Number of protein chains: 2
Amino acid sequence: MESKRLAKVFKALSNERRLELFRLIYDQCKLEESRATQDGKGCCEGIEKAFTMACGCLNLSRSTISHHFKELQNAGLITCTRQGQTYMCQVNEDYVDAVRSFLG
Amino acid sequence: MESKRLAKVFKALSNERRLELFRLIYDQCKLEESRATQDGKGCCEGIEKAFTMACGCLNLSRSTISHHFKELQNAGLITCTRQGQTYMCQVNEDYVDAVRSFLG
DNA sequence: CTTATAATTCGATAACTATCGAATTATTCC
DNA sequence: GGAATAATTCGATAGTTATCGAATTATAAG
């Protein structure tokens, strides 16, 4: 991945609260995925009510959390689609891999 | 690694030019290391004249480059020791590993 | 259509960042 | 000690970011 894009990903993860948010989403996704595998469904479709969940976990205003979600999306780390009143949110594994293997 | 420290590392890598700088240092270190292994010396002692080298590679003022070095050091990614008029610079592998495996 | 809930956008503010050139400090060599 | 080179610090500036509360928009349910 070229520097510009990678730097953008790092920037998205450079705020402590936003990093926590991303971890929250990531962990939740992993959980869903293992459940899905157990049920023989294959992969995780994404987590529901991600925004609501995040609001419950992070001590920040809703507008700030909304902002952080946007940043993570903008960097390419997650994809969110609205489903009725709430979010369906997925982690983009390729991007996470890019971070992991950005060196070596 | 806890969020606070990890976020700091990401912040250090979130600037495109600084990311380039880090890669430069990192690649150079890897090169030295493979040479050292060939010579039977074990590991890389660090790269000499890192600052000077960086000045030649990045199109930025010396003061800005100095600032970027400081940021990388401050985040824990590299260690620089002055050697006479120049730098001896090393990558802290543990930190790079932490970044790589920050998830999964 | 009204009410309730969820999420976004807006406007403001305070704090932080990248960058530069100039001045300064540290080191080496003559 | 003086000159040359290397790196740091200083002060300024323009741009970005995190955060909030209030106002707004979107959706669902009665």
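Predicted model, so just to flag it, every value in this text is computed and none were measured. Chain letters run A, B, ... following the sequence lines, proteins first, then strands; residues in each count from 1.
Using a 4.0 Å heavy-atom cutoff across all strands shown, A/Lys70 reaches sugar-phosphate atoms only and no base atom. Counting non-hydrogen atoms under 4.0 angstrom, A/Phe69 reaches nothing in the nucleic acid. Using a 4.0 Å heavy-atom criterion, one finds that B/Thr86 contacts the sugar-phosphate atoms exclusively. Counting any heavy atom pair closer than 4.0 Å across all strands shown, A/Leu60 reaches sugar-phosphate atoms only and no base atom.
Residue A/Arg82 has its side chain nearest to D/dT27 when only D/dT9, D/dT27, D/dA6 are considered. Here C/dT17 is the nucleotide among C/dT17, D/dT19, C/dA18 with the atom lying nearest to any side-chain atom of B/Lys11. Counting only heavy atoms from C-beta on, B/Tyr87 has its side chain closest to D/dA7 among C/dA7, D/dA7, C/dG21.
Atom C1' of nucleotide C/dT17 and atom CG of B/Leu13 are separated by 16 Å, given to the nearest angstrom. D/dG21 atom P lies 16 Å from atom NE2 of A/His67, rounded to whole Å. Distance B/His68 NE2 to C/dC16 C1': 14 Å, rounded to the nearest Å. Nucleotide C/dT8 holds its C1' atom 11 Å from the CZ atom of A/Arg62, rounded to whole Å. Rounded to whole Å, the distance from CD on B/Gln73 to P on D/dT9 is 10 Å. Taking atom CZ of B/Phe51 as the reference point, atom P of D/dT9 lies 11 Å away to the nearest angstrom. Regarding A/Arg17, its CZ atom lies at a distance of 12 Å from the P atom of D/dA18, rounded to whole Å. As a whole-Å value, the separation of A/Leu72 CG from C/dT8 P is 13 Å.
The side chain of B/Ser61 places an N or O atom within less than 4.0 Å of a non-bridging phosphate oxygen (OP1 or OP2) of C/dC20.
Under the side-chain hydrogen bond (donor to acceptor under 3.5 Å, both in side chains) criterion, the residue pairs touching residues 73-84 of chain A are A/Thr79-A/Asn92, with sequence neighbours excluded.
Donor-acceptor pairing under 3.5 Å, judged by distance alone, is absent between the side chain of B/Gln85 and the base of C/dT28. A donor-acceptor contact under 3.5 Å is formed by the side chain of B/Ser63 with the base of C/dG21.
No side-chain donor from either of B/Tyr95 and B/Arg100 sits under 3.5 Å from a side-chain acceptor of the other.
Note on A/Lys30 versus A/Glu93: salt bridge recorded, some NZ/NE/NH1/NH2 to OD/OE distance being below 4.0 Å.
At least one donor-acceptor pair under 3.5 Å links the side chain of B/Arg18 to the backbone N or O of B/Lys11.
Counting heavy atoms from C-beta outward, B/Leu19 and B/His68 have side chains that stay 4.5 Å or more apart.
Residue whose closest nucleotide on DNA chain D sits further toward the 5' end, between B/Thr52 and A/Ile65: B/Thr52.
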